[in-house]
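The next block holds one structure in the form of structure tokens; read it before the comments.
These numbers come from a predicted model, not from an experiment.
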Amino acid sequence: QVQLVESGGGLVQPGGSLRLSCAGSRIPFNIYVMGWYRQAPGKQRELVAEITRGGSTNYADSVKGRFTISRDNARNTVSLQMNSLKPDDTGVYYCNANNLAFGRNYWGQGTQVTVSS
């Protein structure tokens with residue numbers, strides 16, 4: 001079965017950096033739009049960043065200029081470099097693989113990011 005496994009979360013002080021990674025198995029990354037979503041306590045899950053098959057990127061306004069999404073199709077990985085972190089960035093971050101044409105949508109189990117002093 002398809003698996004997406006996130007890593008790299010943790011506790012960081014405001015202004016710090018973290019790098020999240022998502023590794024996929026039994027899924028051909030190259031045909032999926034890959035994304036990172038987050039869910040803060042008491043809030044809905046929201047899109048943070050996504051990257052298309054061709055490498056085009058889209059970011060939530062709140063993270064533009066601070067976060068960078070990248071993908072390596074050969075290694076079936078997608079990463080999220082997060083800089084200048086703020087307390088509002090706290091939440092569970094989920095990796096997502098989506099292919100509308102095939103009706104396929106997969107989620108990882110999530111990794112906790114906590115930004116606090």
* Where the side chain of R71 meets the backbone of F29, is there a donor-acceptor pair that is under 3.5 Å apart? -> yes
* Asked: If you group Ile, Leu, Val, Met, Phe, Trp and Tyr by side-chain heavy-atom gaps below 4.5 Å, do F102 and M34 land in one group?
  -> yes
* Asked: Can you tell me how far CZ of F67 sits from OG of S84, rounded to the nearest 0.5 angstrom?
  -> 9.0 Å
* Which pairs pass disulfide (SG to SG under 2.5 Å) with one or both residues in residues 28-62, sequence neighbours excluded? -> none
* Got a second to check how far Y32's OH is from T52's OG1, nearest 0.5 Å? -> 15.5 Å
* Structure fact -> In L18, V92, L20, the residue satisfying side chain to side chain contact (heavy atoms under 4.5 Å, CB included) with T111 is L20
* Partners meeting side-chain contact (heavy atoms from CB on, under 4.5 Å) with D88 (sequence neighbours left out) -> none
* Asked: Does V48 reach the side chain of Y59, with side-chain heavy atoms less than 4.5 Å apart?
  -> no
* If we only count heavy atoms from C-beta on, is the C22 to W36 side-chain gap below 4.5 Å? -> yes
* **Contact check, side chains of T77 and S21, non-hydrogen atoms, under 4.5 Å** => no
* Answer yes or no: is there a side-chain heavy-atom contact under 4.5 Å between R104 and V2? => no
* Is a donor on one side and an acceptor on the other found under 3.5 Å between the side chain of N105 and the backbone of N99? -> no
* Under a 4.5 Å cut-off applied to non-hydrogen side-chain atoms, are M82 and V113 in contact? -> yes
* With a cut-off of under 6.0 Å to the ring centre and 45° to the axis, is R45 in cation-pi contact with Y94? -> yes
* Side-chain (Q3) to main-chain (S25) donor-acceptor, under 3.5 angstrom -> no
* Kindly write out the residues that satisfy side chain to side chain donor-acceptor pair (under 3.5 Å) with S62, not counting sequence neighbours, or none if the list is empty. => R38
* Asked: Any side-chain heavy atom of Q13 within less than 4.5 Å of one from L85?
  -> no
* **R19 atom CZ, over 12 foreign heavy atoms within 6.0 Å** => yes
* Asked: Is any side-chain heavy atom of Y93 closer than 4.5 Å to a side-chain heavy atom of E6?
  -> no
* Run the side-chain contact (heavy atoms from CB on, under 4.5 Å) check on N76 and I27 step by step: do they pass? -> CA-CA 8 Å; N76 261 22; I27 178 173; 4.2 Å; yes
* Stepwise side-chain contact (heavy atoms from CB on, under 4.5 Å) test for N58 and L47 -> CA-CA 9 Å; N58 179 44; L47 175 68; 3.8 Å; yes
* So, are D89 and K86 salt-bridged, with charged N and O less than 4.0 Å apart? -> no
* Counting N and O atoms only, with roles assigned by atom type, does the side chain of N96 sit under 3.5 Å from a partner on the main chain of G108, one being a donor and the other an acceptor? -> no
* To do: Work out which heavy atom in L80 is nearest to a heavy atom in A49; give both atom names and the distance.
  => CD1-CB, 4.1 Å
* Asked: Would you say T114 and V12 make side-chain contact, with heavy atoms under 4.5 Å?
  -> no
* Asked: Checking side-chain contact (heavy atoms from CB on, under 4.5 Å) for the pair I51/V78: CA distance, chi angles, key distance, verdict?
  -> CA-CA 9 Å; I51 183 166; V78 61; 4.3 Å; yes
